[in-house]
Amino acid sequence: MENAKAKIMVIDDDPDFRDAITPILQSALYQVVTASNPKEGKEKILEEKPDLILLDIMMDSLFDGFSLCHAIKTSKDFEVVKDTPVIFVSAVKEITGSRFQFKGEEQGMSGPDDYIDKPVKPEDLISRVERLLKK
Amino acid sequence: MEETTYSVLVIDDEESMRDACCLILAKEGFDTDSAANGKAGLEKIHASPPDFVLIDLKMPGIGGLEVLEKVKEIDPNIIPIVITGYATVESAVEAMKRGAYDFLPKPFTPEELRLIIRRGVERKELVQEAETLRREKKLIEENFITMVSHQLRSPIVAIAQYFEVILGGMAGEISPQQKDMMTKARARLEGLLNLINDWLSIARMNGGQLVDRLKPMLLETLLANQIDLLQPLTEASNIKLVLAPTTGKTTVMGDEETLEQVFSNLITNAIKYNRPDGKVEISIKEDAEHIIVDITDTGVGIAQEHIPFLFDQFYQIDRSKRSRGDKGSGLGLTIAKKIIDSHGGAIEVTSKPGVGTTFSIIFPKPPSDLPNPPTTPVFRS
């Protein structure tokens, strides 16, 4: 399997969510690294150079998922990882209404490559991850 | 506090009066300007509305009272103060009735003018402060809804996520009985999440956060997308879900996200409460002033006595008949109605028990000079 060793980074402030999502990804033989906030995520991304990032949006900090995603895609600091696919994983329904739509593009923000609602369905998550890794 | 510079326009036909007022007020730190008659004054107000305007009541041409009324029409935030040359109580009362903030009887001393304008500034600042507070309160209320719902959802989402892992067999073997119970428990959690989402939608709409987002959109695209998305639900009972032939270019003024919610909800109901091998037909018709989408099913129908209450929150026709695993919150129709209301439309229901039910969603016809909406479907998951 070509993706067998792909490394996935989960950035989420909810420890239970990190604990629950890890075995899902491991069941598909992915290597998992986690970070509990965007700041830690920022450091670990450069250190670990993951193949894909699962990113929560609403975290207890001003520097949220939107900002981190934008930084990954555009900032000089992230030049080496700028092509890493990012999937928003969030219970963001409450921010934008019935279904999530990334609105930041209107304000010049770079959006994610995909998004998925919490709680994630294992099959759905794996298939989206696989699709992005194949690109 | 930061010092704001306020502007004042003096409208008086007496040159000496204009100059004196401007001189006194400029010393007080105001940006001053003047006009020799009502017409010139109104033009200046139109071009750039000042914070205050001093109006002489007795002027040739357009009189002071008339200017006063026009000022109120141009910008109700301008604070008008009238100067009454013939200092009768009647003229002052009349001016106050017509919206003057205060009056200044001639002759007056510089100190009197300063006092009155300072009072006006206090008034202006109070109004501005009230406006700022009102905006902040609204912002807090909106964020409050978002924060509460995030706090409510987070633990449920975490629990549901563990269920997914266990049910997916990623945490070891589980017995068939355990699996069955956990599947039921998961369905209840999903129901709870739906309830929170729906409650949130209602809270949002009560806050009026919808109507300014309406833009022209093609109904056919929206309906075709919903039919595609909901097609899988029809399989269990072999329901035929179709869109009747249309012109292909029916445009309404709408908010895409919430309209999707409405149609998804109504079409899902029409499938769910249908008979096996039944049909759901969606058709579009229009009259002189409206565009109407009919969603007609061939289900058991709704008894007449229930119809007036269908859109009430948590109204259920027969709670005991609610099917197991039904994840509906009981708020779907309430939300649909609120959404359509905020589009300036209405939902009507006609039903014949044993034959079927039609939900008609009625939109006001948009103005005919609208630009064409995009025909390509938007980014979706």
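Protein chains get the first letters and strands the later ones, always in sequence-line order, with residue 1 at the start of each. All heavy atoms count here, side chains included; hydrogens, waters and symmetry mates do not.
- The number of heavy atoms from other shown groups lying within 6.0 Å of NZ (K179(B)) does not exceed 12.
- Taking the side chain as every heavy atom from C-beta outward, P119(A) and L193(B) approach each other to under 4.5 Å.
- When all heavy atoms of V157(B) and K118(A) are compared, the pair lying nearest together is CG1-CB, 3.4 Å.
- The structure places CG of D56(A) at 8.0 Å from OG of S154(B), a figure rounded to the nearest 0.5 Å.
- Atom CD1 in I24(A) sits 5.0 Å away from atom CD in Q161(B) (nearest 0.5 Å).
- Distance check, rounded to the nearest 0.5 Å: CD of Q26(A) to CE of M170(B) gives 11.0 Å.
- Under 4.0 Å is where a charged nitrogen must lie from a carboxylate oxygen, and between K121(A) and E190(B) at least one such pair does.
- Surrounding CD of Q231(B) are more than 12 heavy atoms belonging to other residues, nucleotides or ligands, all under 6.0 Å away.
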